[in-house]
Each structure stands twice: as structure tokens, then as C-alpha cells.
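Comments concern the structure below.
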Amino acid sequence: MTITEIQKVLRSAISETAKAQFGVDIESIAAETPPKTELGDIAFPVAFELAKQIKVATGEKQNPRAIAEVLKARLETFDFVGKIEIAGPGYLNVFFDRSKFIAENAAANPLPNAGTASAKICVEHTSVNPNKAAHIGHVRNSVLGDTFQRILKSTGKQVEVQNYIDNTGVQVADVVVGFMFIQNMTLEAIKGLDTELTGSGQSFDYYCWDLYARVGQEYLANEELKSKRAEVLHLIEEGGNETAELADYVATRNVECILNTMERLSIRYDLLPRESEILHLHFWDKAFEQMKQLGVIHYESEGKQAGCWVMPFEEHTGDDDNEGDKILVRSNGTVTYTGKDIAYQMWKLGILGLDFNYKYFHKYANGQDVWITSPQVEQNEGAIPSFGGGETIYNVIDTRQSYPQEVVKKGVAAISPERGEKASIHLAYEMVALSPAAAEELGFALSDEDRKRPFIEMSGRKGLGVKADDLIDRLEAKALAEVESRHADATDEEKQHIAHQLAVGALRYFLLKFTRNTVIVFDFNEALSFEGETGCFCQYSAVRANSIFRKLDETNSVESSERRLLACESSEIDAIVNSETGTDIWSMAILASRLDETVHAAATANEPAILAKYTFTLAKAFNLFYHNHKIIAEADDTKRALLVVVADMARRSLTAALDTLGIEVPMKM
RNA sequence: GCACCCGUAGCUCAGCUGGAUAGAGUAUCUGACUUCGAAUCAGAGGGUCGCAAGUUCGAAUCUUGCCGGGUGUACCA
């Protein structure tokens with residue numbers, strides 16, 4: 001039995017006993033992991049809760065320890081239980097039968113549910129405006145989203161990953177203004193520039209990064225240029241004209257660049273839904289009609305918002321400057337982002353009654369396909385997968401967009417009350433900001449006031465930010481130097497591959513170790529570190545584990561060791577595992593067995609950091625285990641077999657945990 | 001004004017639905033490479049969990065108030 005199964009059995013036994021012996025119904029039974037192995041493998045603080053309930057029901061005051069005694073007698077009858085202790089004021093501490101547990105879990109899959117299909121879940125992440133290169137703030141979004149979808153898959157869910165392309169928004173319009181009215185370039189000229197850039201090893205999205213910042217600066221001084229923005233935006237939204245064609249080229253090229261950046265980090269998508277299709281395939285019109293009929297929005301005929309369609313928002317009141325209600329349709333008839341997102345989310349949930357057209361976009365190096373939406377029906381080779389229609393949808397979006405996301409959620413819930421607000425989940429996360437020192441390191445002049453601030457927000461408009469590709473390049477270069485110093489004999493290709501794996505591990509772990517609602521104040525030293533709580537540390541631990549198994553001969557292989565353990569008396573194993581030095585062997589085994597439980601906890605709490613922390617703890621525990629036990633050199637046959645089996649449990653669990661974080665284990669490092 | 005987030009070791013952060021002696025990393029100091037790889041391990045010092053009340057057998061965790069920092073409240077996204 002796995003830990004999860006054992007917990008389930010124990011919980012229901014406690015619940016039944018509570019009902020039978022004390023007449024109390026207890027809805028949820030908390031199970032804890034004791035702070036130390038010496039205190040047990042699972043702890044139930046349930047006796048305190050029961051004492052309280054009994055007092056409420058009968059007025060009778062019972063001692064928690066006496067209640068725990070009754071539960072103890074019941075739980076002791078299970079064969080997987082070694083012993084039970086009542087500790088402190090009434091903790092019920094359960095100790096597993098160690099030899100039995102190891103024998104049963106030695107060869108178990110650390111993630112038993114992965115791959116078992118169920119109702120589909122849609123995860124939207126990345127959704128970078130396609131007008132410039134991605135910076136590390138965008139990468140936090142993508143890494144969180146990608147890791148979360150991996151976590152969901154590890155719990156057995158079927159997941160579809162979408163990256164929304166806002167190809168008709170203001171930000172794309174700004175770069176288009178830059179190309180057309182600052183650079184005076186036609187579409188042909190831009191294509192020529194693109195070829196030129198590619199030829200000289202530069203990238204289109206970097207060029208746009210600088211151009212976008214320049215447009216932002218020019219707007220401040222040039223009113224005429226600023227007036228072009230609305231014009232251009234209108235033409236892009238309308239489509240079927242030269243400006244729209246130019247914008248489409250610019251946006252698509254940026255999408256390609258951003259997808260390349262993300263692929264460097266093992267982040268891939270199934271579908272790229274575009275905003276232009278939301279408009280041209282009349283998704284909004286349909287959602288708009290439904291909301292009008294249901295009365296969830298209304299037309300404002302007077303006041304500040306006269307001429308607009310708005311959704312009321314009572315949760316917080318407006319002030320002198322702003323109304324509390326949210327505008328979905330502007331007085332000029334155009335739709336806001338929030339409005340379009342309502343239509344998009346309805347499609348994601350399969351309640352819109354319309355579908356996109358699809359075009360094959362790209363095959364990733366690993367064989368995965370990514371599709372993009374299209375205004376017209378396309379001739380595709382092979383079948384188009386079925387997109388959208390998720391049972392639950394997760395939207396990985398900056399916490400600064402919490403307010404419009406609440407509006408979207410309310411709109412969707414109003415149209416589909418039976419699905420309700422639980423169907424759409426905003427996976428919010430705090431921004432990645434720069435320390436004043438980091439901003440200056442990037443060459444930005446700061447005012448004295450700025451220098452006193454706790455952090456400086458990154459800004460695409462100002463061109464202030466750490467570009468993702470730059471950081472990955474720096475990480476790879478640094479890792480390569482380290483690999484070079486340790487494995488000078490390896491081929492260049494091999495060394496580069498390892499350096500790449502280490503860079504990905506470092507960056508992904510760095511962005512995952514913080515919980516979602518922590519602002520990451522970016523620091524170059526910390527982000528570029530390979531020591532301490534880093535991805536590299538976890539990878540190193542796994543690499544060491546693997547090197548042991550490469551050196552084990554046939555008679556000591558994992559399979560032989562498992563056979564040897566099964567053949568010997570359990571008392572013999574118990575003698576080792578229950579001895580003083582054996583306790584940390586057991587600690588290693590039980591910790592390695594908690595991956596499945598941890599992945600479920602991370603999925604339930606929508607918090608990938610829980611898994612990152614566990615992975616680090618596991619790696620640390622293995623390093624200690626590795627230090628304290630000489631596995632290959634162990635003289636005692638049974639103990640050696642036990643060490644091999646436990647080390648194997650640890651490395652498989654560590655490898656699976658890292659894989660769920662999107663981090664590979666190098667061959668050597 | 002209103003809504004949301006944060007305040008825990010010098011610094012950066014964990015702390016699960018209230019539970020056992022509040023933990024990591026980093027920095028500082030000390031020790032360990034003839035070994036399955038030292039990108040590692042061990043040890044030491046370092047805490048009024050912002051402040052104050054309340055609920056409870058029990059509070060870093062829940063409630064209220066205050067102080068300090070941040071974000072949002074756009075006919076941007």
C-alpha cells in the first residue's frame with residue numbers, strides 16, 4: 001500500500017470508530033507528517049477535535065488521551081501498522097511496519113496516477129503581447145503555468161495548454177506605429193529587415209523590444225504620433241487592409257520568437273487562440289447577446305459611462321475618479337479586453353456554442369504539435385484535435401489583473417450558473433520586479449527617490465526588464481564554464497547539452513521556489529547561483545544517485561537486491577531498519593514515498609512551490625543518505641540490498657519530481 | 001475612499017484546513033576530499049513571528065483595531 005492509500009484506510013477507520021464509540025460525525029480528519037521520524041510516520045491530532053465535539057453534543061468532558069486510546073486499539077489491528085503511540089496531550093502517532101512498507105513500495109511508481117485520463121482541463125498561460133521579446137516576468141507566468149499543467153497531468157488529469165495571442169491589441173498597434181511612422185517601413189521593408197537580422201544572428205523580437213520602448217518615448221513628445229495609435233488600432237481590429245496585414249506579420253513573427261524562447265525552457269503549447277478570431281468569428285457578439293438577455297450587463301445612458309455597456313460590480317465602491325462598474329463595450333462600440341475574455345472563457349468551457357477554425361502551426365522537436373486559430377476554414381493534413389470544452393479552466397494571469405478577472409468570472413458564472421464560479425480559476429501570481437541595483441546594472445538611470453524604493457517594476461514600454469533569452473544565455477555560459485572545468489574530456493556537444501539542462505534547472509527552480517503571492521525582487525547573483533537551494537542542487541543529487549547505479553554489478557542490481565530482500569526474513573530487515581543507524585534509511589524511504597501526496601497537495605492548493613520545496617528536501621535528504629552510507633562497499637548482503645533499494649526509491653522519486661517541475665537530470669555534471 | 005496582497009533569523013524566503021522544541025537557503029565562523037563525484041556534508045552563533053486586544057486546552061496561522069510596505073480600482077491589457 002502507498003502512503004495515500006494507508007491514509008485513506010486510517011481516516012475511514014477513525015471516522016467509523018468515532019461514530020460507533022462516541023456517536024460523533026467528523027467530516028474531515030486532519031493527518032500530519034510528524035516533525036521527526038522518531039515521532040512516527042503519520043500523526044492524527046483528531047482526539048482534540050473529538051473531545052470538543054463530544055462536549056458540544058453531550059456536555060460530557062472527555063480526556064483526549066482516553067479517546068486516543070480507543071482509536072489506537074482500532075488502528076493497531078491493521079497489518080501495515082507497526083505500532084501506535086499516544087504522545088503529548090493526545091496525538092495519535094502511527095508507525096508503519098517498515099519492512100512491509102519497503103517491500104511493498106520498493107518497485108512502486110512514485111506517481112501512480114500519471115497518464116490515467118479523465119475530463120479535460122484547460123490551462124492558459126504565457127499570453128505575452130506579441131510585440132516584443134519576453135522578459136523574466138513573462139517567464140514566471142510561463143514556468144508557473146507549465147509546471148502546474150505538469151502537476152495536473154501527474155495526478156492523472158488530461159490537460160490542454162493554450163497560449164492566448166492578443167494580436168489586435170494596443171501593444172501590437174504601438175509597434176506597428178513605430179514601424180510605419182518612425183521607421184517609415186512597408187511590409188516588404190520589414191520582411192527585408194527580418195531576413196537581415198536573422199542573417200546577422202539578431203532576433204526580430206529584440207528589435208521590436210527597442211522599437212516599442214522608442215515609441216513609448218516618442219508618444220510623450222509627439223501628439224501627432226499618438227493620434228496614429230487609435231487609427232492603427234482600428235484598422236488592425238477591422239482587418240482586411242494593409243495595416244492589418246503588416247500587423248499580422250509583426251505579431252506572428254513575435255509569437256514565433258517567444259515560442260522559441262519558451263521551448264528553450266521545455267515549455268510547449270497545444271493551441272494558440274488569437275484575439276482576431278474572437279472578433280471576426282463573432283464570439284463576442286454571441287456572448288454579448290446572452291449577457292444582454294440575462295440582464296447581467298446594462299446600457300449606461302447618462303453619467304461618466306454614458307454610451308457604454310457595463311457590468312455592475314458591487315464588491316467595492318467607486319470614488320470620485322472612477323465608477324465601480326466595469327465597461328465591456330466602449331461608447332464608440334468597440335469591445336474591451338475584459339469583454340473579449342468573457343467570450344474566450346465561455347468557449348474554453350464549451351458553453352459559447354461557436355468554435356474556431358484551426359491551422360497547423362508547428363511541430364516541436366519532441367514531436368508535439370501546436371495549432372493556431374484561423375479566420376477561415378483551412379485545408380489541414382490529418383485530423384484536427386478537439387480543442388476547448390474544458391471541465392475546469394485555469395488562467396495563469398498576473399495578480400494585478402485580479403479585478404478584471406473577477407468580472408470575467410462573474411460574467412461566465414451568470415451565463416452558466418450550473419457551472420458556477422468554480423469552473424474558472426484565476427491562478428494569480430505576483431510580479432517579478434527589479435531591485436534598484438539590478439535596474440542600474442541594466443544601465444537605467446534612477447532618481448534618488450527610485451533608489452529608495454523596495455523594488456522597480458519592469459516595463460516593456462520603457463524597455464526596462466531582463467530579457468528571457470539574455471538570462472538563459474548567461475546561465476548557459478556560466479554552466480558551460482563549470483562543466484568545462486569538471487569534464488574537459490567530454491565533447492563540445494555534450495558539454496553544451498549539459499550546460500543547457502543546468503541553465504533550465506536553475507531558472508525554472510528559481511521562479512518556482514517562491515510561492516505565488518510573493519513578489520520576486522530579481523537579483524542577478526541569486527538567479528545565477530548554482531549552490532544552495534537551487535535546481536542545480538537537486539540535479540546534482542540525482543546525478544550522484546545515478547552514478548551509483550552505473551557502478552553496481554549484476555549481483556547488486558536493483559532487481560537482484562529486491563529479490564534478496566523478498567527472500568529474507570522480515571525480522572532481518574526490521575533489525576536493520578529499526579536500529580539506530582537504520583532510522584535514517586527509513587526516513588529516506590518514507591520521504592521518497594511522499595511524492596504522490598505532495599503532487600496532490602500542490603494541485604489542490606494551486607501552488608507549484610509546494611512541489612519545488614519537496615524536491616529540494618528530497619535532494620538534500622539523499623545527499624545526507626549518500627554521505628552516511630557507503631552503498632557499494634557495504635559488507636552485509638542484506639543491508640547492502642536494502643540500501644540499494646532505498647537509494648533507488650529516492651532517485652526514481654527525485655527524477656519524477658524534477659520531471660514534473662520541467663527539469664531534466666543530466667548524465668553527468 | 002474602497003478591494004486585494006505582504007510584514008517570520010543580518011539578507012532572501014517556507015511554515016499545509018489552528019497543534020509537538022518556529023524551519024530552509026544565504027552571509028559569518030569552524031571542521032570534513034586516498035572514498036558511490038566537495039556544484040557536497042557536518043557543527044556554531046543568529047527570533048518580542050510588525051504592534052495590541054480577542055477566540056481557544058493550544059495562535060506565526062482565526063477575528064478586530066492600529067502601524068509600515070505594495071498592487072488594483074482605465075472607454076489599457
Side-chain angles (χ1 to χ4, degrees), chain A residues 28 30 32-36 39 43 45 48 51-52 64 87-91 93 127 129 166 169-171 304-308 310 313 315-324 326-338 340-341 397-404 406 428 430-431 433 453-455 457 479 482-483 485-486 502 513-515 517-521 523 525-526 529-534 536-537 539-541 543-552 598 601 604-605 607 609-610 612-613 616-617 620 623-624 626-634 643 647 668-669:
Chain A
S28 73
E32 296 169 7
T33 304
K36 283 183 176 175
L39 290 169
F48 309 115
K52 196 184 284 179
Y91 276 100
N93 288 347
S127 307
N129 267 301
D166 187 1
V170 180
Q171 294 207 23
K304 274 202 181 73
Q305 300 180 331
C308 299
V310 305
F313 202 85
E315 273 70 10
H316 59 91
T317 56
D319 63 5
D320 297 345
D321 299 325
N322 307 300
E323 299 287 335
K326 183 71 195 168
I327 291 170
L328 299 185
V329 181
R330 305 182 185 104
S331 54
N332 68 2
T334 56
V335 190
T336 63
Y337 169 84
T338 309
K340 284 177 269 197
D341 203 25
I397 303 174
D398 194 321
T399 190
R400 286 172 290 186
Q401 290 188 42
S402 291
Y403 167 67
E406 275 180 70
E430 274 290 354
M431 67 177 119
R453 290 172 60 82
F455 54 79
E457 236 177 287
E482 296 280 345
V483 176
S485 72
R486 281 158 233 252
L502 294 175
K513 72 175 175 180
F514 301 94
T515 51
N517 55 12
T518 299
V519 176
I520 299 180
V521 181
D523 177 81
N525 288 332
E526 220 182 313
S529 170
F530 293 146
E531 284 166 20
E533 194 192 342
T534 63
C536 183
F537 177 98
Q539 289 170 310
Y540 183 62
S541 180
V543 166
R544 280 173 138 187
N546 285 335
S547 77
I548 296 174
F549 289 89
R550 267 200 299 277
K551 290 184 177 159
L552 282 175
T598 305
T604 307
E607 184 52 271
I610 292 173
K613 290 283 175 193
F616 173 66
T617 305
K620 203 163 43 138
N623 277 336
L624 182 60
Y626 177 94
H627 191 258
N628 289 343
H629 302 279
K630 300 295 165 230
I631 296 167
I632 296 175
E634 173 57 47
L643 290 171
K668 55 186 172 188
M669 62 186 274

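Lettering of chains follows the sequences in order, A, B, ..., and the numbering in each one begins at 1.
- A distance of 8.5 Å separates OH of A/Tyr626 from CD1 of A/Ile631, quoted to the nearest 0.5 Å.
- The residue A/Glu482 sits close to a base: some heavy atom pair falls under 4.0 Å.
- A/Phe537 comes within contact range of the sugar-phosphate backbone alone, with a heavy-atom separation under 4.0 Å but no base atom that close.
- Ranking B/rU40, B/rU12, B/rU17 by closeness to the A/Asn623 side chain, first place goes to B/rU40.
- At the heavy-atom level, A/Phe455 lies under 4.0 Å from the strands shown only through sugar-phosphate atoms.
- In this structure B/rA3 sits in a base pair with B/rU71, meeting the Watson-Crick or G-U test at under 3.5 Å.
- As judged by a 4.0 angstrom heavy-atom cut-off over every strand, A/Lys551 is placed among residues touching the sugar-phosphate backbone only.
- When heavy atoms are screened at a 4.0 angstrom cut-off, A/Ala306 is found touching base atoms of the nucleic acid.
- The distance from atom CG of A/Leu328 to atom OG1 of A/Thr338, rounded to the nearest 0.5 Å, is 6.5 Å.
- In this structure, A/Lys620 reaches the sugar-phosphate backbone alone: every heavy-atom distance under 4.0 Å involves primed, P, OP1 or OP2 atoms, never a base.
- Counting only heavy atoms from C-beta on, A/Arg330 has its side chain closest to B/rC76 among B/rU40, B/rC36, B/rC76.
- Counting only distance, with no hydrogens or angles, the side chain of A/Thr336 and the backbone of A/Ile327 share a donor-acceptor pair below 3.5 Å.
- Looking at which nucleotide of RNA chain B each of A/Thr534 and A/Glu430 is closest to, the 5′-most match is held by A/Glu430.
- Using a 4.0 Å heavy-atom distance criterion, A/Glu634 is classed as making no nucleic acid contact.
- Closest to the A/Phe616 side chain, of the nucleotides B/rC57, B/rG72, B/rA24, is B/rA24.
- Within the nucleic acid shown, A/Leu624 comes within 4.0 Å of sugar-phosphate atoms alone, with no base atom in reach, counting heavy atoms only.
- The C1' atoms of B/rG54 and B/rU73 are separated by 32 Å, rounded to the nearest whole Å.
- One can find a donor-acceptor pair under 3.5 Å joining the base of B/rA20 and the side-chain atoms of A/Asn93.
- Both A/Gly532 and A/Thr336 lie close to RNA chain B; mapped to their nearest nucleotides by heavy-atom distance, the more 5′-ward contact belongs to A/Gly532.
- In terms of modelled atom types and a separation under 3.5 Å, the side chain of A/Asp523 and the main chain of A/Glu526 share a donor-acceptor contact.
- Taking atom P on both nucleotides, B/rA42 is separated from B/rG47 by 22 Å, rounded to a whole Å.
- At a threshold of 4.0 angstrom between heavy atoms, the contacts of A/Val543 with the nucleic acid are absent.
- A donor and an acceptor atom never sit less than 3.5 Å apart when one is taken from the side chain of A/Arg400 and the other from the base of B/rA77.
- Across the C1' atoms, B/rU61 and B/rA3 are found 23 Å apart, a figure rounded to whole Å.
- Base pairing of B/rU55 is not made with any nucleotide, judged by Watson-Crick or G-U wobble geometry with both donor-acceptor distances under 3.5 Å.
- Taking atom C1' in both B/rC49 and B/rG23, one finds a spacing of 12 Å when rounded to whole Å.
- Although no hydrogens or angles enter the test, the distance criterion places a donor-acceptor pair under 3.5 Å between the side chain of A/Asn93 and the main chain of A/Leu39.
- With B/rA20, B/rA38, B/rA39 as the candidates, the nucleotide lying closest to the side chain of A/Ala43 is B/rA20.
- Contact annotation for A/Glu607: no contact, since no heavy-atom pair falls under 4.0 Å across all strands.
- Among the protein residues, A/Met431 comes within range of the sugar-phosphate backbone only, with heavy atoms under 4.0 Å from sugar or phosphate atoms but none that close to a base.
- Taking only distance into account, the side chain of A/Ser331 meets the base of B/rC75 through a donor-acceptor pair shorter than 3.5 Å.
- Rounded to whole Å, the separation between the C1' atoms of B/rU48 and B/rA44 comes to 24 Å.
- A/Val483 comes within 4.0 angstrom of a nucleotide base, judged by non-hydrogen atoms across all strands.
- Rounded to whole Å, the C1' atom of B/rA52 lies 32 Å from the corresponding atom of B/rG45.
- Atom P of B/rU63 sits at a distance of 11 Å from the matching atom of B/rC4, rounded to the whole Å.
- Residue contacts shown for A/Pro404 include a base, since a base heavy atom lies under 4.0 Å away.
- Distance noted for atom C1' between B/rC67 and B/rA24: 29 Å (whole Å).
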**Message:** Quick one, A/Lys326 with A/Val310, criterion side chain to side chain contact (heavy atoms under 4.5 Å, CB included). Give me CA distance, side-chain angles, the key distance, then yes/no.
**Reply:** CA-CA 5 Å; A/Lys326 183 71 195 168; A/Val310 305; over 6 Å; no
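- If you check every strand for non-hydrogen atoms under 4.0 Å, A/Leu502 touches a base.
- We find that A/Lys613 and A/Glu533 are joined by a salt bridge, their nearest charged nitrogen and carboxylate oxygen being less than 4.0 Å apart.
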